[in-house]
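Below is one structure, written out as C-alpha coordinates; the observations come after it.
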Number of protein chains: 2
Amino acid sequence: MTSDGDFSDNTTRALNQIRRMIEKGNLPSDGRLPTERELSEKLGCGRRQVRRALEVLEAEGLLWRRQGKGTFAGQPRRPATEMAATIADKVDTLAIMEARMGVEPQLAALCARRATAEDVDRLRLLAERAHGASDSDYWELWDGALHRLIARIPDNPILSAAFDLLDTVRMDENWQHDRHLARTLKTKVVYHEQHQRIIDAIDARDADAARAAMTDHLQTLTDDLRRSMRETGEVHSFATEARITDKTSKRRLKK
Amino acid sequence: MTSDGDFSDNTTRALNQIRRMIEKGNLPSDGRLPTERELSEKLGCGRRQVRRALEVLEAEGLLWRRQGKGTFAGQPRRPATEMAATIADKVDTLAIMEARMGVEPQLAALCARRATAEDVDRLRLLAERAHGASDSDYWELWDGALHRLIARIPDNPILSAAFDLLDTVRMDENWQHDRHLARTLKTKVVYHEQHQRIIDAIDARDADAARAAMTDHLQTLTDDLRRSMRETGEVHSFATEARITDKTSKRRLKK
DNA sequence: GTGCGTACCAAATGTAAAATGGTTCGTCTC
DNA sequence: GAGACGAACCATTTTACATTTGGTACGCAC
(Lines give C-alpha, C1' and ligand atoms only; values in the text may rest on other atoms or scores of the structure.)
Protein backbone atom coordinates (compact mmCIF):
# COMPACT_ATOMS: atom_id res chain seq x y z
CA MET A 1 0.00 0.00 0.00
CA THR A 2 3.01 2.18 -0.55
CA SER A 3 2.24 3.51 -4.00
CA ASP A 4 -1.13 3.02 -5.58
CA GLY A 5 -0.41 3.87 -9.14
CA ASP A 6 1.08 7.23 -8.28
CA PHE A 7 0.65 8.91 -11.60
CA SER A 8 -2.79 7.54 -12.32
CA ASP A 9 -6.00 9.42 -12.05
CA ASN A 10 -8.29 8.94 -9.12
CA THR A 11 -10.41 6.34 -10.86
CA THR A 12 -7.47 4.03 -11.45
CA ARG A 13 -6.21 4.56 -7.93
CA ALA A 14 -9.61 3.70 -6.48
CA LEU A 15 -9.75 0.64 -8.73
CA ASN A 16 -6.43 -0.66 -7.46
CA GLN A 17 -7.32 -0.02 -3.85
CA ILE A 18 -10.68 -1.75 -4.04
CA ARG A 19 -9.16 -4.66 -5.94
CA ARG A 20 -6.55 -5.00 -3.21
CA MET A 21 -9.31 -4.85 -0.61
CA ILE A 22 -11.03 -7.79 -2.28
CA GLU A 23 -7.84 -9.79 -2.69
CA LYS A 24 -6.81 -9.24 0.89
CA GLY A 25 -10.13 -10.50 2.13
CA ASN A 26 -10.90 -8.08 4.91
CA LEU A 27 -14.57 -8.57 4.33
CA PRO A 28 -17.46 -10.05 6.30
CA SER A 29 -18.30 -13.66 5.52
CA ASP A 30 -21.03 -12.63 3.08
CA GLY A 31 -18.48 -10.68 1.06
CA ARG A 32 -20.14 -7.34 1.58
CA LEU A 33 -18.13 -4.25 0.70
CA PRO A 34 -18.60 -0.81 2.24
CA THR A 35 -21.19 1.40 0.61
CA GLU A 36 -20.18 3.65 -2.23
CA ARG A 37 -20.45 6.69 0.00
CA GLU A 38 -18.22 5.09 2.63
CA LEU A 39 -15.69 4.03 0.01
CA SER A 40 -15.54 7.50 -1.48
CA GLU A 41 -14.81 8.89 1.95
CA LYS A 42 -12.24 6.22 2.88
CA LEU A 43 -10.40 6.45 -0.42
CA GLY A 44 -10.55 10.21 -0.44
CA CYS A 45 -12.13 10.55 -3.83
CA GLY A 46 -15.53 11.26 -5.29
CA ARG A 47 -18.35 8.82 -5.55
CA ARG A 48 -18.24 8.93 -9.34
CA GLN A 49 -14.68 7.60 -9.32
CA VAL A 50 -15.66 4.83 -6.91
CA ARG A 51 -18.51 3.86 -9.18
CA ARG A 52 -16.29 3.71 -12.24
CA ALA A 53 -13.91 1.40 -10.41
CA LEU A 54 -16.79 -0.80 -9.27
CA GLU A 55 -18.08 -0.97 -12.84
CA VAL A 56 -14.77 -2.44 -13.96
CA LEU A 57 -14.65 -4.98 -11.15
CA GLU A 58 -18.25 -5.97 -11.79
CA ALA A 59 -17.47 -6.55 -15.47
CA GLU A 60 -14.57 -8.73 -14.42
CA GLY A 61 -16.95 -10.84 -12.38
CA LEU A 62 -15.25 -10.09 -9.08
CA LEU A 63 -18.24 -8.42 -7.49
CA TRP A 64 -21.89 -7.64 -8.00
CA ARG A 65 -24.07 -4.72 -6.98
CA ARG A 66 -27.74 -4.34 -6.33
CA GLN A 67 -29.68 -1.18 -5.78
CA GLY A 68 -30.96 -0.91 -2.23
CA LYS A 69 -28.89 -3.89 -1.13
CA GLY A 70 -25.20 -3.24 -1.45
CA THR A 71 -21.98 -4.33 -3.16
CA PHE A 72 -20.72 -7.88 -2.66
CA ALA A 73 -17.63 -9.83 -3.67
CA GLY A 74 -18.21 -12.92 -5.80
CA GLN A 75 -21.32 -13.77 -7.79
CA PRO A 76 -24.93 -13.33 -6.67
CA ARG A 77 -27.25 -16.08 -5.52
CA ARG A 78 -30.76 -16.38 -6.85
CA PRO A 79 -32.56 -17.99 -3.93
CA ALA A 80 -35.47 -20.34 -4.61
CA THR A 81 -36.75 -20.09 -1.08
CA GLU A 82 -40.26 -21.41 -1.58
CA MET A 83 -39.26 -24.62 -3.28
CA ALA A 84 -36.27 -25.08 -1.00
CA ALA A 85 -38.50 -24.77 2.06
CA THR A 86 -40.67 -27.67 0.94
CA ILE A 87 -37.73 -30.09 0.92
CA ALA A 88 -35.46 -28.50 3.51
CA ASP A 89 -36.31 -31.01 6.19
CA LYS A 90 -35.56 -34.03 4.02
CA VAL A 91 -32.13 -33.12 2.70
CA ASP A 92 -28.74 -34.10 3.99
CA THR A 93 -25.30 -33.17 2.79
CA LEU A 94 -24.79 -36.26 0.65
CA ALA A 95 -28.14 -35.81 -1.08
CA ILE A 96 -26.96 -32.34 -2.03
CA MET A 97 -23.77 -33.73 -3.53
CA GLU A 98 -25.71 -36.37 -5.47
CA ALA A 99 -27.84 -33.64 -6.98
CA ARG A 100 -24.82 -31.49 -7.80
CA MET A 101 -23.26 -34.47 -9.59
CA GLY A 102 -26.23 -34.47 -11.89
CA VAL A 103 -26.65 -30.78 -12.61
CA GLU A 104 -23.21 -29.23 -12.60
CA PRO A 105 -21.35 -31.55 -14.99
CA GLN A 106 -24.05 -30.89 -17.57
CA LEU A 107 -23.71 -27.14 -16.97
CA ALA A 108 -19.95 -27.40 -17.46
CA ALA A 109 -20.47 -29.31 -20.69
CA LEU A 110 -22.83 -26.62 -21.98
CA CYS A 111 -20.32 -23.95 -20.97
CA ALA A 112 -17.83 -25.59 -23.29
CA ARG A 113 -20.22 -24.87 -26.15
CA ARG A 114 -21.37 -21.39 -25.25
CA ALA A 115 -18.78 -19.62 -23.12
CA THR A 116 -17.26 -16.50 -24.64
CA ALA A 117 -13.64 -15.54 -24.22
CA GLU A 118 -14.73 -12.98 -21.65
CA ASP A 119 -16.58 -15.69 -19.73
CA VAL A 120 -13.43 -17.78 -19.59
CA ASP A 121 -11.47 -14.78 -18.32
CA ARG A 122 -13.97 -14.26 -15.54
CA LEU A 123 -13.84 -17.93 -14.61
CA ARG A 124 -10.06 -17.83 -14.40
CA LEU A 125 -10.17 -14.76 -12.17
CA LEU A 126 -12.60 -16.43 -9.79
CA ALA A 127 -10.49 -19.58 -9.68
CA GLU A 128 -7.45 -17.47 -8.84
CA ARG A 129 -9.29 -15.77 -6.01
CA ALA A 130 -10.37 -19.15 -4.61
CA HIS A 131 -6.80 -20.33 -4.81
CA GLY A 132 -5.54 -17.28 -2.96
CA ALA A 133 -8.24 -17.38 -0.29
CA SER A 134 -6.84 -16.91 3.19
CA ASP A 135 -9.40 -19.01 5.03
CA SER A 136 -12.25 -21.40 4.36
CA ASP A 137 -14.91 -18.68 4.39
CA TYR A 138 -13.28 -16.86 1.49
CA TRP A 139 -12.56 -20.07 -0.33
CA GLU A 140 -16.23 -20.94 -0.19
CA LEU A 141 -17.16 -17.43 -1.31
CA TRP A 142 -15.02 -17.66 -4.45
CA ASP A 143 -15.67 -21.33 -5.11
CA GLY A 144 -19.36 -20.57 -4.90
CA ALA A 145 -18.93 -17.63 -7.26
CA LEU A 146 -17.12 -19.86 -9.75
CA HIS A 147 -19.79 -22.54 -9.72
CA ARG A 148 -22.54 -19.92 -9.94
CA LEU A 149 -20.99 -18.34 -12.99
CA ILE A 150 -20.69 -21.75 -14.62
CA ALA A 151 -24.38 -22.20 -13.94
CA ARG A 152 -25.25 -18.87 -15.56
CA ILE A 153 -23.15 -19.01 -18.72
CA PRO A 154 -25.14 -21.66 -20.63
CA ASP A 155 -28.31 -19.55 -20.33
CA ASN A 156 -30.50 -22.59 -19.80
CA PRO A 157 -33.35 -21.40 -17.58
CA ILE A 158 -34.29 -24.84 -16.28
CA LEU A 159 -30.83 -26.04 -15.37
CA SER A 160 -30.17 -22.61 -13.93
CA ALA A 161 -33.30 -22.86 -11.78
CA ALA A 162 -32.29 -26.34 -10.67
CA PHE A 163 -28.90 -24.97 -9.68
CA ASP A 164 -30.57 -22.14 -7.79
CA LEU A 165 -32.60 -24.65 -5.85
CA LEU A 166 -29.43 -26.55 -5.05
CA ASP A 167 -27.61 -23.38 -4.09
CA THR A 168 -30.42 -22.33 -1.78
CA VAL A 169 -30.65 -25.69 -0.07
CA ARG A 170 -26.89 -25.74 0.30
CA MET A 171 -26.98 -22.33 1.95
CA ASP A 172 -29.58 -23.50 4.43
CA GLU A 173 -27.53 -26.59 5.18
CA ASN A 174 -24.30 -24.67 5.37
CA TRP A 175 -23.79 -25.02 9.08
CA GLN A 176 -22.41 -28.52 8.59
CA HIS A 177 -21.37 -28.36 4.94
CA ASP A 178 -19.03 -25.50 5.68
CA ARG A 179 -17.64 -27.06 8.80
CA HIS A 180 -16.66 -30.28 7.08
CA LEU A 181 -15.06 -28.56 4.14
CA ALA A 182 -13.03 -26.44 6.50
CA ARG A 183 -11.44 -29.59 7.82
CA THR A 184 -10.10 -30.50 4.43
CA LEU A 185 -8.57 -27.16 3.60
CA LYS A 186 -5.24 -28.95 3.06
CA THR A 187 -6.52 -30.19 -0.26
CA LYS A 188 -7.04 -26.69 -1.56
CA VAL A 189 -4.26 -27.20 -4.08
CA VAL A 190 -6.11 -30.19 -5.48
CA TYR A 191 -9.27 -28.16 -5.80
CA HIS A 192 -7.40 -25.46 -7.69
CA GLU A 193 -5.98 -27.94 -10.15
CA GLN A 194 -9.45 -29.33 -10.72
CA HIS A 195 -10.86 -25.86 -11.23
CA GLN A 196 -8.21 -25.21 -13.83
CA ARG A 197 -8.93 -28.46 -15.62
CA ILE A 198 -12.61 -27.55 -15.80
CA ILE A 199 -11.87 -24.09 -17.18
CA ASP A 200 -9.26 -25.38 -19.60
CA ALA A 201 -11.76 -27.85 -21.01
CA ILE A 202 -14.34 -25.09 -21.37
CA ASP A 203 -11.75 -22.90 -23.05
CA ALA A 204 -10.88 -25.73 -25.42
CA ARG A 205 -14.60 -26.21 -26.14
CA ASP A 206 -14.32 -29.84 -25.11
CA ALA A 207 -17.73 -30.59 -23.62
CA ASP A 208 -16.96 -34.15 -22.59
CA ALA A 209 -13.75 -33.14 -20.88
CA ALA A 210 -15.53 -30.32 -19.05
CA ARG A 211 -18.23 -32.70 -17.89
CA ALA A 212 -15.67 -35.24 -16.73
CA ALA A 213 -13.57 -32.61 -14.95
CA MET A 214 -16.57 -31.28 -13.08
CA THR A 215 -17.65 -34.80 -12.13
CA ASP A 216 -14.16 -35.48 -10.86
CA HIS A 217 -14.15 -32.27 -8.85
CA LEU A 218 -17.49 -32.97 -7.23
CA GLN A 219 -16.48 -36.56 -6.51
CA THR A 220 -13.41 -35.28 -4.66
CA LEU A 221 -15.56 -32.89 -2.67
CA THR A 222 -17.98 -35.70 -1.85
CA ASP A 223 -15.20 -38.01 -0.73
CA ASP A 224 -13.68 -35.32 1.47
CA LEU A 225 -17.04 -34.55 2.99
CA ARG A 226 -17.76 -38.19 3.67
CA ARG A 227 -14.34 -38.72 5.19
CA SER A 228 -14.78 -35.71 7.43
CA MET A 229 -18.22 -36.84 8.51
CA ARG A 230 -16.88 -40.28 9.34
CA GLU A 231 -14.05 -38.85 11.40
CA THR A 232 -16.36 -36.64 13.39
CA GLY A 233 -18.55 -39.64 14.05
CA GLU A 234 -21.66 -38.37 12.37
CA VAL A 235 -24.30 -40.85 11.39
CA HIS A 236 -24.09 -42.02 7.81
CA SER A 237 -27.04 -41.25 5.67
CA PHE A 238 -28.80 -43.88 3.66
CA ALA A 239 -26.88 -42.68 0.66
CA THR A 240 -23.59 -43.72 2.16
CA GLU A 241 -24.77 -47.14 3.13
CA ALA A 242 -26.37 -47.88 -0.18
CA ARG A 243 -23.18 -47.23 -2.07
CA ILE A 244 -21.32 -50.03 -0.29
CA THR A 245 -24.25 -52.39 -0.07
CA ASP A 246 -24.30 -55.54 -2.10
CA LYS A 247 -27.22 -57.05 -3.89
CA THR A 248 -28.84 -58.41 -0.78
CA SER A 249 -30.03 -54.92 0.09
CA LYS A 250 -32.25 -55.17 -2.92
CA ARG A 251 -34.64 -57.15 -0.79
CA ARG A 252 -35.17 -54.44 1.75
CA LEU A 253 -38.76 -53.63 2.44
CA LYS A 254 -40.46 -50.41 1.62
CA LYS A 255 -40.66 -48.18 4.64
CA MET B 1 -81.33 -18.47 1.18
CA THR B 2 -84.84 -19.51 2.00
CA SER B 3 -84.16 -22.56 4.10
CA ASP B 4 -80.64 -23.58 4.86
CA GLY B 5 -81.03 -27.01 6.32
CA ASP B 6 -83.77 -26.03 8.66
CA PHE B 7 -83.39 -28.70 11.26
CA SER B 8 -79.57 -28.82 11.21
CA ASP B 9 -77.22 -27.42 13.79
CA ASN B 10 -75.30 -24.24 13.13
CA THR B 11 -72.17 -26.00 11.94
CA THR B 12 -74.02 -27.83 9.17
CA ARG B 13 -75.89 -24.69 8.21
CA ALA B 14 -72.65 -22.73 7.97
CA LEU B 15 -71.12 -25.54 5.93
CA ASN B 16 -73.96 -25.47 3.42
CA GLN B 17 -73.91 -21.71 3.12
CA ILE B 18 -70.17 -21.50 2.57
CA ARG B 19 -70.27 -24.37 0.09
CA ARG B 20 -72.98 -22.53 -1.81
CA MET B 21 -70.88 -19.39 -1.71
CA ILE B 22 -67.98 -21.23 -3.34
CA GLU B 23 -70.14 -22.96 -5.94
CA LYS B 24 -71.83 -19.73 -6.89
CA GLY B 25 -68.46 -18.11 -7.50
CA ASN B 26 -69.10 -14.64 -6.12
CA LEU B 27 -65.47 -14.33 -5.17
CA PRO B 28 -62.59 -12.04 -6.10
CA SER B 29 -60.34 -13.24 -8.89
CA ASP B 30 -57.85 -14.80 -6.48
CA GLY B 31 -60.60 -16.91 -4.92
CA ARG B 32 -60.29 -15.26 -1.56
CA LEU B 33 -63.11 -15.85 0.92
CA PRO B 34 -64.12 -13.47 3.71
CA THR B 35 -62.20 -13.83 6.94
CA GLU B 36 -63.46 -16.21 9.58
CA ARG B 37 -64.59 -13.31 11.75
CA GLU B 38 -66.52 -11.74 8.87
CA LEU B 39 -68.12 -15.07 8.00
CA SER B 40 -69.20 -15.67 11.57
CA GLU B 41 -70.88 -12.28 11.60
CA LYS B 42 -72.50 -12.66 8.17
CA LEU B 43 -73.78 -16.17 8.86
CA GLY B 44 -74.93 -15.27 12.33
CA CYS B 45 -73.04 -18.00 14.09
CA GLY B 46 -69.94 -18.40 16.15
CA ARG B 47 -66.42 -18.53 14.80
CA ARG B 48 -65.97 -22.09 15.98
CA GLN B 49 -68.83 -23.24 13.78
CA VAL B 50 -67.34 -21.39 10.82
CA ARG B 51 -64.00 -23.05 11.42
CA ARG B 52 -65.55 -26.50 11.62
CA ALA B 53 -67.27 -25.92 8.32
CA LEU B 54 -64.01 -24.70 6.77
CA GLU B 55 -62.20 -27.76 8.08
CA VAL B 56 -64.62 -29.97 6.18
CA LEU B 57 -64.32 -27.96 2.99
CA GLU B 58 -60.54 -27.93 3.26
CA ALA B 59 -60.51 -31.70 3.70
CA GLU B 60 -62.67 -31.94 0.60
CA GLY B 61 -60.10 -29.93 -1.30
CA LEU B 62 -62.54 -27.15 -2.09
CA LEU B 63 -60.45 -24.51 -0.32
CA TRP B 64 -57.19 -23.99 1.50
CA ARG B 65 -56.24 -21.79 4.42
CA ARG B 66 -53.05 -20.20 5.61
CA GLN B 67 -52.38 -18.46 8.85
CA GLY B 68 -51.86 -14.74 8.42
CA LYS B 69 -52.89 -14.94 4.77
CA GLY B 70 -56.50 -15.95 4.42
CA THR B 71 -58.88 -18.58 3.08
CA PHE B 72 -58.99 -19.31 -0.64
CA ALA B 73 -61.19 -21.40 -2.88
CA GLY B 74 -59.53 -24.10 -4.90
CA GLN B 75 -56.22 -25.77 -4.18
CA PRO B 76 -52.89 -24.13 -3.32
CA ARG B 77 -50.38 -23.88 -6.13
CA ARG B 78 -47.38 -26.15 -5.89
CA PRO B 79 -44.01 -24.39 -5.59
CA ALA B 80 -42.82 -26.22 -8.69
CA THR B 81 -45.73 -24.77 -10.65
CA GLU B 82 -44.88 -21.26 -9.56
CA MET B 83 -41.22 -21.71 -10.38
CA ALA B 84 -42.12 -23.21 -13.73
CA ALA B 85 -44.35 -20.25 -14.48
CA THR B 86 -41.49 -17.79 -13.85
CA ILE B 87 -39.25 -19.45 -16.44
CA ALA B 88 -41.93 -20.70 -18.83
CA ASP B 89 -41.43 -17.84 -21.26
CA LYS B 90 -37.70 -18.41 -21.58
CA VAL B 91 -37.66 -22.13 -22.27
CA ASP B 92 -37.63 -23.95 -25.55
CA THR B 93 -37.80 -27.65 -26.25
CA LEU B 94 -34.06 -28.11 -26.62
CA ALA B 95 -33.39 -26.37 -23.31
CA ILE B 96 -35.71 -28.90 -21.72
CA MET B 97 -33.79 -31.78 -23.25
CA GLU B 98 -30.49 -30.30 -22.13
CA ALA B 99 -31.80 -30.18 -18.58
CA ARG B 100 -33.12 -33.73 -18.79
CA MET B 101 -29.70 -34.90 -19.99
CA GLY B 102 -28.31 -33.60 -16.74
CA VAL B 103 -30.87 -34.77 -14.23
CA GLU B 104 -32.21 -38.06 -15.49
CA PRO B 105 -28.97 -39.99 -16.09
CA GLN B 106 -27.97 -39.24 -12.52
CA LEU B 107 -31.38 -40.41 -11.30
CA ALA B 108 -30.97 -43.63 -13.27
CA ALA B 109 -27.54 -44.16 -11.75
CA LEU B 110 -28.94 -43.71 -8.25
CA CYS B 111 -31.75 -46.11 -9.09
CA ALA B 112 -29.13 -48.76 -9.77
CA ARG B 113 -28.00 -48.42 -6.17
CA ARG B 114 -31.34 -48.17 -4.41
CA ALA B 115 -34.10 -49.77 -6.44
CA THR B 116 -35.84 -52.71 -4.81
CA ALA B 117 -36.97 -55.77 -6.71
CA GLU B 118 -40.50 -54.40 -6.54
CA ASP B 119 -39.32 -51.14 -8.06
CA VAL B 120 -37.75 -53.00 -10.98
CA ASP B 121 -40.95 -54.96 -11.49
CA ARG B 122 -42.93 -51.72 -11.67
CA LEU B 123 -40.45 -50.25 -14.12
CA ARG B 124 -40.73 -53.28 -16.39
CA LEU B 125 -44.51 -53.08 -16.26
CA LEU B 126 -44.47 -49.42 -17.30
CA ALA B 127 -42.01 -50.11 -20.11
CA GLU B 128 -44.26 -52.89 -21.41
CA ARG B 129 -47.30 -50.65 -21.28
CA ALA B 130 -45.43 -47.98 -23.23
CA HIS B 131 -44.36 -50.54 -25.78
CA GLY B 132 -47.91 -51.73 -26.22
CA ALA B 133 -49.38 -48.26 -26.52
CA SER B 134 -51.57 -47.88 -29.55
CA ASP B 135 -50.98 -44.22 -30.33
CA SER B 136 -48.35 -41.63 -29.54
CA ASP B 137 -50.36 -39.80 -26.89
CA TYR B 138 -50.81 -43.03 -25.03
CA TRP B 139 -47.12 -43.80 -25.39
CA GLU B 140 -46.20 -40.42 -23.93
CA LEU B 141 -48.42 -41.16 -20.94
CA TRP B 142 -46.62 -44.39 -20.07
CA ASP B 143 -43.20 -43.08 -20.98
CA GLY B 144 -43.81 -40.15 -18.64
CA ALA B 145 -44.87 -42.51 -15.89
CA LEU B 146 -41.72 -44.55 -16.37
CA HIS B 147 -39.44 -41.53 -16.12
CA ARG B 148 -41.36 -40.19 -13.13
CA LEU B 149 -40.93 -43.47 -11.29
CA ILE B 150 -37.22 -43.43 -12.01
CA ALA B 151 -37.14 -39.95 -10.53
CA ARG B 152 -38.91 -41.05 -7.36
CA ILE B 153 -37.05 -44.27 -6.59
CA PRO B 154 -33.71 -42.79 -5.44
CA ASP B 155 -35.50 -40.82 -2.69
CA ASN B 156 -33.31 -37.79 -3.26
CA PRO B 157 -35.53 -34.79 -2.46
CA ILE B 158 -33.50 -32.27 -4.44
CA LEU B 159 -33.16 -34.25 -7.65
CA SER B 160 -36.78 -35.22 -7.28
CA ALA B 161 -37.79 -31.57 -6.98
CA ALA B 162 -35.61 -30.67 -9.96
CA PHE B 163 -37.28 -33.38 -12.02
CA ASP B 164 -40.67 -32.16 -10.84
CA LEU B 165 -39.82 -28.69 -12.09
CA LEU B 166 -38.60 -30.14 -15.36
CA ASP B 167 -41.67 -32.28 -15.82
CA THR B 168 -43.98 -29.33 -15.16
CA VAL B 169 -42.18 -27.15 -17.67
CA ARG B 170 -42.16 -29.99 -20.18
CA MET B 171 -45.90 -30.53 -19.93
CA ASP B 172 -46.57 -26.82 -20.35
CA GLU B 173 -44.31 -26.67 -23.38
CA ASN B 174 -45.87 -29.76 -24.91
CA TRP B 175 -49.32 -28.36 -24.35
CA GLN B 176 -48.48 -24.99 -25.86
CA HIS B 177 -46.94 -26.42 -28.99
CA ASP B 178 -49.17 -29.45 -29.18
CA ARG B 179 -46.06 -31.38 -30.01
CA HIS B 180 -45.84 -35.09 -30.41
CA LEU B 181 -43.00 -37.02 -31.84
CA ALA B 182 -43.63 -38.52 -35.20
CA ARG B 183 -43.08 -42.05 -34.10
CA THR B 184 -42.43 -44.59 -36.72
CA LEU B 185 -42.57 -48.24 -35.99
CA LYS B 186 -38.81 -48.28 -35.97
CA THR B 187 -38.41 -45.56 -33.38
CA LYS B 188 -40.91 -47.22 -31.07
CA VAL B 189 -38.88 -50.40 -31.11
CA VAL B 190 -35.72 -48.43 -30.48
CA TYR B 191 -37.28 -46.64 -27.53
CA HIS B 192 -38.41 -49.90 -26.03
CA GLU B 193 -34.97 -51.42 -26.36
CA GLN B 194 -33.49 -48.38 -24.69
CA HIS B 195 -36.00 -48.59 -21.87
CA GLN B 196 -35.07 -52.20 -21.37
CA ARG B 197 -31.38 -51.42 -21.33
CA ILE B 198 -31.95 -48.80 -18.65
CA ILE B 199 -33.99 -51.15 -16.50
CA ASP B 200 -31.60 -54.05 -17.02
CA ALA B 201 -28.72 -51.89 -15.84
CA ILE B 202 -30.72 -50.83 -12.78
CA ASP B 203 -31.60 -54.44 -12.09
CA ALA B 204 -27.94 -55.40 -12.41
CA ARG B 205 -27.02 -52.56 -10.00
CA ASP B 206 -24.66 -51.15 -12.61
CA ALA B 207 -24.85 -47.41 -12.02
CA ASP B 208 -22.56 -46.41 -14.85
CA ALA B 209 -24.44 -48.54 -17.36
CA ALA B 210 -27.76 -47.09 -16.19
CA ARG B 211 -26.42 -43.57 -16.55
CA ALA B 212 -25.08 -44.30 -20.01
CA ALA B 213 -28.28 -46.00 -21.12
CA MET B 214 -30.39 -43.07 -19.98
CA THR B 215 -28.05 -40.61 -21.68
CA ASP B 216 -28.30 -42.63 -24.86
CA HIS B 217 -32.09 -42.72 -24.64
CA LEU B 218 -32.38 -38.98 -24.11
CA GLN B 219 -29.93 -38.30 -26.92
CA THR B 220 -32.11 -40.33 -29.26
CA LEU B 221 -35.17 -38.42 -28.12
CA THR B 222 -33.35 -35.13 -28.66
CA ASP B 223 -32.24 -36.11 -32.15
CA ASP B 224 -35.76 -37.20 -33.10
CA LEU B 225 -37.18 -34.04 -31.65
CA ARG B 226 -34.72 -31.88 -33.53
CA ARG B 227 -35.46 -33.72 -36.74
CA SER B 228 -39.16 -33.30 -36.16
CA MET B 229 -38.71 -29.58 -35.54
CA ARG B 230 -36.67 -29.22 -38.67
CA GLU B 231 -39.35 -30.89 -40.75
CA THR B 232 -42.09 -28.71 -39.33
CA GLY B 233 -39.99 -25.66 -40.00
CA GLU B 234 -39.57 -24.47 -36.44
CA VAL B 235 -36.78 -22.05 -35.82
CA HIS B 236 -33.65 -23.50 -34.30
CA SER B 237 -32.70 -22.17 -30.94
CA PHE B 238 -29.27 -20.90 -30.12
CA ALA B 239 -28.61 -24.26 -28.55
CA THR B 240 -28.74 -25.93 -31.91
CA GLU B 241 -26.45 -23.50 -33.59
CA ALA B 242 -23.91 -23.46 -30.83
CA ARG B 243 -23.46 -27.18 -31.03
CA ILE B 244 -22.16 -26.99 -34.55
CA THR B 245 -20.23 -23.79 -34.15
CA ASP B 246 -16.47 -23.87 -34.39
CA LYS B 247 -13.95 -22.07 -32.29
CA THR B 248 -14.26 -18.80 -34.11
CA SER B 249 -17.51 -18.08 -32.33
CA LYS B 250 -15.47 -17.78 -29.20
CA ARG B 251 -14.30 -14.41 -30.37
CA ARG B 252 -17.70 -12.95 -30.76
CA LEU B 253 -18.06 -9.64 -29.01
CA LYS B 254 -20.05 -8.93 -25.94
CA LYS B 255 -23.41 -7.59 -26.83
C1' DG C 1 -12.57 17.95 -19.42
C1' DT C 2 -11.81 16.07 -14.74
C1' DG C 3 -12.92 16.07 -10.13
C1' DC C 4 -16.14 16.80 -6.47
C1' DG C 5 -20.33 17.60 -4.13
C1' DT C 6 -25.40 17.79 -3.88
C1' DA C 7 -29.73 16.35 -4.82
C1' DC C 8 -33.02 13.19 -6.27
C1' DC C 9 -34.86 8.50 -8.05
C1' DA C 10 -35.57 3.45 -7.67
C1' DA C 11 -34.97 -0.66 -5.27
C1' DA C 12 -34.24 -3.23 -1.08
C1' DT C 13 -34.19 -3.51 3.86
C1' DG C 14 -35.89 -3.11 8.75
C1' DT C 15 -39.44 -2.03 11.81
C1' DA C 16 -43.94 -1.57 13.70
C1' DA C 17 -48.78 -2.06 13.34
C1' DA C 18 -52.66 -4.45 11.60
C1' DA C 19 -54.85 -8.49 9.68
C1' DT C 20 -55.68 -13.41 9.68
C1' DG C 21 -55.88 -18.18 10.79
C1' DG C 22 -54.96 -21.34 14.98
C1' DT C 23 -55.87 -22.21 19.82
C1' DT C 24 -57.58 -22.05 24.49
C1' DC C 25 -60.61 -20.79 28.07
C1' DG C 26 -64.96 -19.33 30.34
C1' DT C 27 -69.90 -18.81 30.31
C1' DC C 28 -74.34 -19.72 28.84
C1' DT C 29 -78.31 -22.60 27.34
C1' DC C 30 -80.74 -26.67 26.70
C1' DG D 1 -72.76 -33.00 29.77
C1' DA D 2 -72.96 -31.35 24.84
C1' DG D 3 -73.36 -27.58 21.95
C1' DA D 4 -73.03 -22.60 21.15
C1' DC D 5 -71.06 -18.21 21.70
C1' DG D 6 -67.70 -14.83 22.90
C1' DA D 7 -63.34 -13.23 24.41
C1' DA D 8 -58.54 -13.45 24.70
C1' DC D 9 -54.11 -14.86 23.17
C1' DC D 10 -50.49 -16.88 19.83
C1' DA D 11 -48.06 -17.45 15.26
C1' DT D 12 -47.81 -16.08 10.68
C1' DT D 13 -48.44 -12.91 7.04
C1' DT D 14 -49.39 -8.62 5.06
C1' DT D 15 -49.17 -3.63 4.93
C1' DA D 16 -47.27 0.99 5.60
C1' DC D 17 -43.49 3.85 6.56
C1' DA D 18 -38.90 5.32 7.32
C1' DT D 19 -34.08 4.16 6.25
C1' DT D 20 -30.42 2.47 3.52
C1' DT D 21 -28.16 1.78 -0.84
C1' DG D 22 -27.03 1.72 -5.58
C1' DG D 23 -28.34 4.53 -10.01
C1' DT D 24 -28.55 9.05 -12.17
C1' DA D 25 -28.56 13.92 -13.18
C1' DC D 26 -27.21 18.63 -12.32
C1' DG D 27 -24.15 22.45 -10.71
C1' DC D 28 -19.74 24.22 -9.36
C1' DA D 29 -14.52 24.58 -9.20
C1' DC D 30 -10.02 23.99 -11.08
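Quick note on labels: first sequence line is chain A, next is B, and so on, each numbered from 1.
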* Structure fact -> What residues 70-80 of chain B contributes to the DNA chain C interface at heavy-atom separation below 4.0 Å is G70(B), T71(B)
* Give every residue pair that meets the ring pair (Phe, Tyr, Trp, His ring centres under 6.0 Å) criterion with at least one member in residues 57-77 of chain B, sequence neighbours excluded. => W64(B)-F72(B)
Pairing donors with acceptors under 3.5 angstrom, does anything connect the side chains of [X] and [Y]?
X       : Y       : value
E173(A) : T93(A)  : no
R32(B)  : T71(B)  : no
S160(A) : R78(A)  : yes
D143(A) : H195(A) : yes

* Would you please confirm or rule out a distance under 4.0 Å between OP1 or OP2 of dC5(D) and any side-chain N or O of Q49(B)? => yes
* Asked: Phosphate oxygens OP1/OP2 of dT21(D): is one of them under 4.0 Å from a side-chain N or O of R66(A)?
  -> no
* Could you check whether the rings of Y191(A) and H217(A) sit parallel, tilted or perpendicular, using 30° and 60° as the cut-offs? => perpendicular
* Roughly how far, to the nearest 0.5 Å, is the CD atom of Q196(A) from the CG atom of L123(A)? -> 12.0 Å
* Asked: Which pairs, with at least one residue in residues 62-71 of chain A and sequence neighbours excluded, count as a salt bridge (charged side-chain N to carboxylate O under 4.0 Å, His left out)?
  -> E36(A)-R65(A), E58(A)-R65(A)
* Got a sec, which pairs hit salt bridge (charged side-chain N to carboxylate O under 4.0 Å, His left out) with one end in residues 191-202 of chain A, sequence neighbours left out? -> R124(A)-D200(A)
* Compare all side-chain heavy atoms of M97(A) with those of R226(A) and state whether any distance is below 4.5 angstrom. => no
* So do the side chains of P154(A) and R113(A) get within less than 4.5 Å of each other, counting heavy atoms only? -> no
Rounded interatomic separation in angstrom, taking [atom1] from [X] and [atom2] from [N]:
X      : N       : atom1 : atom2 : value
K69(B) : dT13(D) : NZ    : P     : 9 Å
R52(B) : dG3(D)  : CZ    : P     : 7 Å
D30(A) : dT21(D) : CG    : P     : 13 Å

* Asked: Contacts to DNA chain D from residues 36-48 of chain A, heavy-atom cutoff under 4.0 Å, which residues?
  -> E36(A), R37(A), R47(A), R48(A)
* To do: Consider the side chain of Q67(B), meaning its heavy atoms from C-beta on, and name the nucleotide among dT21(D), dC10(D), dG23(D) that approaches it most closely.
  => dC10(D)
* Provide the start and end nucleotides, 5' to 3', of the part of DNA chain C that has atoms under 4.0 Å from heavy atoms of chain B. => dT20(C) to dC25(C)
